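This report refers to the structure that appears directly beneath it.
Numbers for residues simply follow the sequence, beginning at 1. Quick caveat, the model's predicted, so the values are computed rather than measured.
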Amino acid sequence: MAESRYFRNDMPEFVAETEEAVPGDSILKLLAMPYIKTKERFLRAALNLKETIVKKTMKSTGRRVKDYTLYTGALGTAFLLFKSYQITKNKNDLELCVDIVGACESASRGSDLVTFICGRAGVCALGAVVAKHSGDQKLQDHYLRLFKEIQMPYGVPNELLYGRAGYLWACSFLNKHIGDETATSKHMGAIVKDMLKEGKLLAKDGNCPLMYEWHGKRYWGAAHGLAGIMHVLMDAKLKPEEQDRVQGTLCYMIQSRFPSGNYPSSEGSEQDRLVHWCHGAPGVALTLTKAAQVFKDEGYQKAAIEAGEVVWNGGLLKRVGICHGISGNAYVFLSLYRLTGEVKYLYRAKAFACFLLDKAESLISKGVMHGGDDPYSLFEGLGGMAYLFFDMADPLEARFPAYEL
């Protein structure tokens, strides 16, 4: 892995919390601070960042939306406001979230993009959920009707950001937050059938039970490849043979990882350099923690923990965001903490988050750290860092946005 992509992680393997004064640098003081006090700092930082992000992404544009997506656009701001509401119960956040989703709905009309993160399905699904929280049944029904009108374009890929997996995730999001069968099993089952059919067809010339392509490459990561697709398929009602194919695909990935423990970005790649959610060990680790829960197999937990070691050693990236930055990588440890209950992983999540809390602003201003091409967005910029800080206030409920349900 190329060290120029990440900061050397010099943070201690573990720091016991104490009320006593601790000598050393500011990071060490934060790590030694009792978690209840650290939570307060994370929450204050999250709320301050949220206000800045709303001002920069919405108020300065007069609520006009050009980029409606969750990934880099206004829906990401709405999603952050919804998270703030869930943590603080501030009705103003919910009301502004409803307004922004409405603007995104107008901007997304006519789009043929169908996913949660980059398409109209995300607008309609989030719209229905926030309408439910607002107690507006008429608006909820409106967004559900719009969601059901979404058509799957011919030739749509299978991956998470632009394909069937991303639409299927939106269905699961609705079922979790609105109620079972909001997106029906029949409807979801037809999409799963198409995904499995294409995965088996492409797998015929290899050793992996399921394989997929995006733009001519057989990606492995969460954003465009196997990890993201398997992650979503595990939420579906699969037949035993289909479950075997999902498990076989995960086992193939585990067996084919690099000697370092990291995962290739695509089939046949020999470049061991990316430790991102989108490509590499972090996204795979999140999928493996889910597999450990779904299939009750300790082998997946072991592999997830091993991927977590890669993230601890090489995941302190010189980027701030969720997709390919420190904020996203911190969720690996939050996921492992929920899976194992070991405080070691809560500490590691705290360490990555404290690094951002203490150093991100200064490092970005010096040009040492990349703030994102869209610097206030959810997946590339400070929006993702704010979302992580909100989640650090309630780590057992933390979920990687638009990936973990």
Side-chain angles (χ1 to χ4, degrees), residues 6-50 80 83-84 86-88 275-277 281-282 285-286 289 304-305 307-322 325-364 369 382-401 403-404:
Y6 60 91
F7 298 105
R8 181 177 175 180
N9 187 356
D10 291 323
M11 291 182 286
E13 284 288 333
F14 189 76
V15 176
E17 295 178 355
T18 177
E19 294 281 2
E20 303 296 324
V22 174
D25 63 15
S26 51
I27 283 278
L28 195 61
K29 294 179 190 300
L30 282 170
L31 293 177
M33 187 181 293
Y35 197 84
I36 190 168
K37 293 185 177 180
T38 316
K39 283 168 60 173
E40 293 171 1
R41 291 203 179 191
F42 285 135
L43 185 56
R44 285 200 304 272
L47 291 169
N48 288 336
L49 276 170
K50 179 205 69 176
L80 178 63
K83 167 58 73 172
S84 180
Q86 289 175 301
I87 296 291
T88 67
V275 186
H276 305 166
W277 168 78
L286 293 172
T289 59
I305 287 170
E309 291 302 312
V310 176
V311 180
W312 176 250
N313 291 316
L316 204 62
L317 302 174
K318 294 182 178 178
R319 289 176 175 266
V320 71
I322 286 282
I326 295 174
S327 298
N329 286 356
Y331 279 93
V332 171
F333 307 123
L334 290 169
S335 189
L336 286 170
Y337 174 58
R338 294 198 314 275
L339 177 66
T340 67
E342 292 185 22
V343 71
K344 164 185 177 178
Y345 296 112
L346 179 58
Y347 165 79
R348 288 187 170 187
K350 176 183 174 182
F352 271 38
C354 283
F355 183 93
L356 290 169
L357 184 67
D358 187 59
K359 296 183 179 299
E361 183 179 356
S362 172
L363 291 171
I364 291 171
M369 190 175 193
L382 294 175
M385 188 167 80
Y387 201 98
L388 171 65
F389 289 168
F390 276 124
D391 267 336
M392 291 303 298
D394 192 4
L396 285 174
E397 295 301 316
R399 301 293 187 275
F400 190 106
Y403 196 59
E404 294 182 295

Residue set satisfying side-chain contact (heavy atoms from CB on, under 4.5 Å) with S362, at least two apart, ordered chain then number -> K366

Using atom types as modelled, flag every donor-acceptor pair under 3.5 Å from a side chain in residues 353-361 to any protein atom, sequence neighbours excluded.
{"unit_1": "D358", "atom_1": "OD1", "unit_2": "S26", "atom_2": "OG", "d": "3.0"}
{"unit_1": "D358", "atom_1": "OD2", "unit_2": "S26", "atom_2": "OG", "d": "2.8"}

Determine, step by step, whether E309 and R348 satisfy the salt bridge (charged side-chain N to carboxylate O under 4.0 Å, His left out) criterion, reporting the C-alpha distance in whole Å, the side-chain angles of both residues, the deciding distance to 0.1 Å, and the verdict. CA-CA 10 Å; E309 291 302 312; R348 288 187 170 187; 2.9 Å; yes

Taking the side chain from S327 and the backbone from V320, do they hold a donor-acceptor pair closer than 3.5 Å? yes

CE of M369 to CG of L317: how many Å apart, nearest 0.5 Å? 8.0 Å

Kindly compute the distance separating CD1 (I326) from CE (M385), expressed to the nearest 0.5 Å. 9.5 Å

All ring pair (Phe, Tyr, Trp, His ring centres under 6.0 Å) counterparts of Y345, not counting sequence neighbours: none

Given 3.5 Å as the limit, does a donor-acceptor pair link the side chain of T88 with the main chain of S84, or not? yes

Heavy-atom nearest pair, A46 first then A386, reads CB-O, 3.7 Å

Return the minimal non-hydrogen interatomic distance between A330 and A349, and the atom names on each side. O-CB, 3.9 Å

Any side-chain to backbone donor/acceptor pair from N9 onto W312? Under 3.5 Å, distance only. yes

Validation row: M392, L43 side chains within 4.5 angstrom (heavy atoms): no

Residues which pass ring pair (Phe, Tyr, Trp, His ring centres under 6.0 Å) with Y331, listed by chain and number, not counting sequence neighbours: F400

I322 versus P401, closest heavy-atom pair with distance: CD1-CG, 4.0 Å

All pairs passing salt bridge (Lys or Arg N to Asp or Glu O under 4.0 Å) where residues 23-48 contributes a residue, at least two apart: E19-K37

Is the cationic atom of K318 (NZ for Lys, CZ for Arg) positioned less than 6.0 Å from the six-membered ring centroid of Y6 and within 45 degrees of its normal? no

In Å and rounded to the nearest 0.5 Å, what is the NZ to CD1 distance from K50 to I87? 12.0 Å

How far does OG1 of T289 sit from CZ of F333, to the nearest 0.5 angstrom? 12.5 Å

Listed partners of Y347 passing ring pair (Phe, Tyr, Trp, His ring centres under 6.0 Å), at least two apart: F14

Separation between CD1 (I364) and CG (L382), nearest 0.5 Å, reads 5.0 Å

To the nearest 0.5 Å, what is the distance between OH on Y387 and CG on L49? 15.0 Å

Using the side chain to side chain contact (heavy atoms under 4.5 Å, CB included) rule, take Y403 and W277 through it: C-alpha gap first, then chi angles, then the decisive distance, then the call. CA-CA 10 Å; Y403 196 59; W277 168 78; 3.5 Å; yes

Give a yes or no on whether a salt bridge exists between E17 and K350, defined as a side-chain N under 4.0 angstrom from a carboxylate O. yes

If you compare all heavy atoms of S335 against all heavy atoms of L286, which two are closest, and at what distance to 0.1 Å? CB-CD2, 3.5 Å

Minimum heavy-atom separation for L396 to R338, with atom names? O-CD, 3.2 Å

Quick check: does any side chain N or O of N329 sit under 3.5 Å from a backbone N or O of P282, one acting as donor and the other as acceptor? no

Nearest heavy atoms of D391 and A398, plus distance in Å: OD1-CA, 3.4 Å

